[in-house]
Amino acid sequence: MSEELIYGLHAVGAALRHEPQRLRGLWVDRRRRDARIRELLALAEAAGVRVYAEDAEALDRQCGGERHQGVFARMKVAERQWREDELDALLDAIEGPALLLVLDGVQDPHNLGACLRSADAAGVHAVLAPNDRAAGLTPTARKVACGAAEHVPFIPVTNLARTLRELKQRGIWLVGAAGEAEADLYAMDLAGPVALVLGAEEKGLRRLTREECDYLAHIPMTGTVESLNVSVATGVFLFEALRQRRARR
């Protein structure tokens, strides 16, 4: 049976609350019994998940040195993993204007996890990313996402430029993030069906991706820094879209 590790208080807590049937066991630091650990132990007991108490060093080894916060779980790999050929059906089922997030080659799983967390909070219907040369749903990404990876459809696609063209054919506008763009993010209309497209760390949008975008927009900044981390920029774009949608209701 294929398994994966999830670690960290938020990620493990989300799994215990929403998908305890997938957990094969819970491992905790035997020396930690603070309120948050006790809450997880209570959830595990209620769900019938077996708990193992071990030294912190043993947890470190099993988590490969990642910051586990004193808890990790072994989890059956989800049978529900979104495929590219399911995108059309997902879009057909959306009520109201679609809000999509496209990540063009984000490679740091910490950034991917943070983007997924913002996507979940902003009500994104799906997150799309290239299948190659981009971060996937690793244990690190899931931990940073704090449970969002189990709720927001994450769909790797083979040819991102082709997928973007297909989105446009469905009437979804593509708005890309580019620091050198003339248009101001806050002047864009993001209340309709839109896919917000953000590029990789340091390099930004690839040329083909940029060319497929209907509009490019920058985040106005008044300080000395020239750019924001991709996960921070994602949050800014998403919550401006959410603000406009709430105002339009």
Side-chain angles (χ1 to χ4, degrees), residues 10 14 18 80 82 84 86-104 106 111-130 137 141 144-157 160-161 163-200 204-205 209-210 212-222 227-249:
H10 286 293
H18 302 295
R80 185 68 174 107
W82 289 89
E84 184 174 355
E86 296 179 285
L87 179 57
D88 281 336
L90 184 152
L91 294 173
D92 288 339
I94 294 174
E95 297 182 4
L99 176 58
L100 306 178
L101 173 62
V102 179
L103 300 174
D104 183 22
V106 171
N111 282 332
L112 174 60
C115 289
L116 287 169
R117 189 173 181 179
S118 293
D120 182 48
V124 166
H125 296 106
V127 177
L128 311 180
L137 290 181
V144 177
C146 296
E150 282 66 54
H151 298 284
V152 180
F154 177 76
I155 306 178
V157 300
L160 184 60
T163 299
L164 294 177
R165 289 193 292 270
E166 292 170 353
L167 293 179
K168 289 195 289 187
Q169 290 171 2
R170 296 185 64 105
I172 297 174
W173 294 91
L174 307 182
V175 178
E180 74 282 3
E182 293 184 7
D184 184 321
L185 169 65
Y186 301 119
M188 304 296 297
D189 183 354
L190 305 178
V194 65
L196 303 177
V197 189
L198 287 98
L205 298 175
T209 303
R210 180 187 298 262
E212 292 297 339
C213 289
D214 297 297
Y215 301 101
L216 296 175
H218 73 271
I219 299 172
M221 297 187 291
T222 60
S227 63
L228 298 174
N229 176 279
V230 62
S231 63
V232 175
T234 294
V236 174
F237 267 72
L238 288 177
F239 281 93
E240 173 58 16
L242 178 60
R243 184 195 67 79
Q244 292 187 22
R245 287 157 186 258
R246 291 172 66 92
R248 191 71 61 89
R249 290 175 185 170

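Note that the structure is predicted; figures quoted are calculated from it, not measured.
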Working note: Leu87 + Trp82, criterion side-chain contact (heavy atoms from CB on, under 4.5 Å); need CA distance, chi angles, decisive distance, verdict. CA-CA 8 Å; Leu87 179 57; Trp82 289 89; over 6 Å; no
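- Pairing each heavy atom of Leu198 with each of Leu205, the nearest pair is C-CD2, 3.6 Å.
- Contact between Cys115 and Val230 at its shortest, heavy atoms only, is SG-O, 4.3 Å.
- His125 places a side-chain N or O within 3.5 Å of a backbone atom of Leu99 that can act as its donor or acceptor partner.
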After noting the C-alpha distance and the side-chain angles of Arg170 and Asp92, does the key distance pass the side-chain contact (heavy atoms from CB on, under 4.5 Å) rule? CA-CA 10 Å; Arg170 296 185 64 105; Asp92 288 339; 2.4 Å; yes
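- Looking only at side-chain heavy atoms (C-beta outward), Met188 and Glu240 stay at 4.5 Å or farther from each other.
- Taking CD1 of Ile219 as the reference point, atom CG of Leu185 lies at 6.0 Å (rounded to 0.5 Å).
- Contact of the Asn111 side chain with the Asn229 side chain is registered, since non-hydrogen atoms from C-beta on lie closer than 4.5 Å.
- The shortest distance between side-chain heavy atoms of Leu91 and Ile172 falls below 4.5 Å.
- The two atoms that bring Val152 and Leu116 nearest to each other are CG2-O, 4.3 Å, heavy atoms only.
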Go through the steps for Glu84 and Thr163 under the test side-chain contact (heavy atoms from CB on, under 4.5 Å), then give the verdict. CA-CA 9 Å; Glu84 184 174 355; Thr163 299; 3.7 Å; yes
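- Using a 4.5 Å cut-off on side-chain heavy atoms (C-beta onward), Phe154 and Leu137 make contact.
- In this structure, Phe237 and Ala217 approach most closely via the heavy-atom pair CZ-O, 3.7 Å.
- Contact annotation: the side chain of Ile155 never approaches that of Val127 to less than 4.5 Å [non-hydrogen atoms, C-beta and beyond].
- Distance alone, capped at 3.5 Å, is enough to place a donor-acceptor pair between the Arg245 side chain and the Pro97 backbone.
- Put simply, OG on Ser231 and CZ on Arg117 are 11.0 Å apart, with the number rounded to the nearest 0.5 Å.
- From Asp104, atom CG reaches atom OG1 of Thr209 across 3.5 Å, with rounding to the nearest 0.5 Å.
- Checked by atom type and distance alone, the side chain of Asp189 pairs as donor or acceptor with a backbone atom of Ala191 at under 3.5 Å.
- In this structure the side chain of Leu100 never reaches within 4.5 angstrom of the side chain of Val194, judged on heavy atoms.
- Here the straight-line distance linking atom CG of Leu101 with atom OG of Ser118 works out to 9.0 Å at 0.5 Å rounding.
- Of the possible donor and acceptor atoms, one in the side chain of Lys168 sits under 3.5 Å from a partner among the backbone N and O of Glu212.
- A distance-only check finds a donor-acceptor pair linking the side chain of Gln244 to the backbone of Leu190 [under 3.5 Å].
- When atom types are taken as modelled, the side chain of His218 and the backbone of Ala183 share a donor-acceptor pair closer than 3.5 angstrom.
- Contact of the Leu103 side chain with the Leu128 side chain is not registered, since no non-hydrogen atoms from C-beta on lie closer than 4.5 Å.
- Nearest heavy-atom pair across Val106 and Gly199 is CG2-O, 3.9 Å.
- Within the 4.5 Å cutoff, no side-chain heavy atoms of Asp214 are placed close to those of Val175.
- In this structure, Glu180 pairs ionically with Arg210, as a charged nitrogen and a carboxylate oxygen lie closer than 4.0 Å.
- Here the closest non-hydrogen pair linking Leu238 and Ala122 is CB-CB, 3.9 Å.
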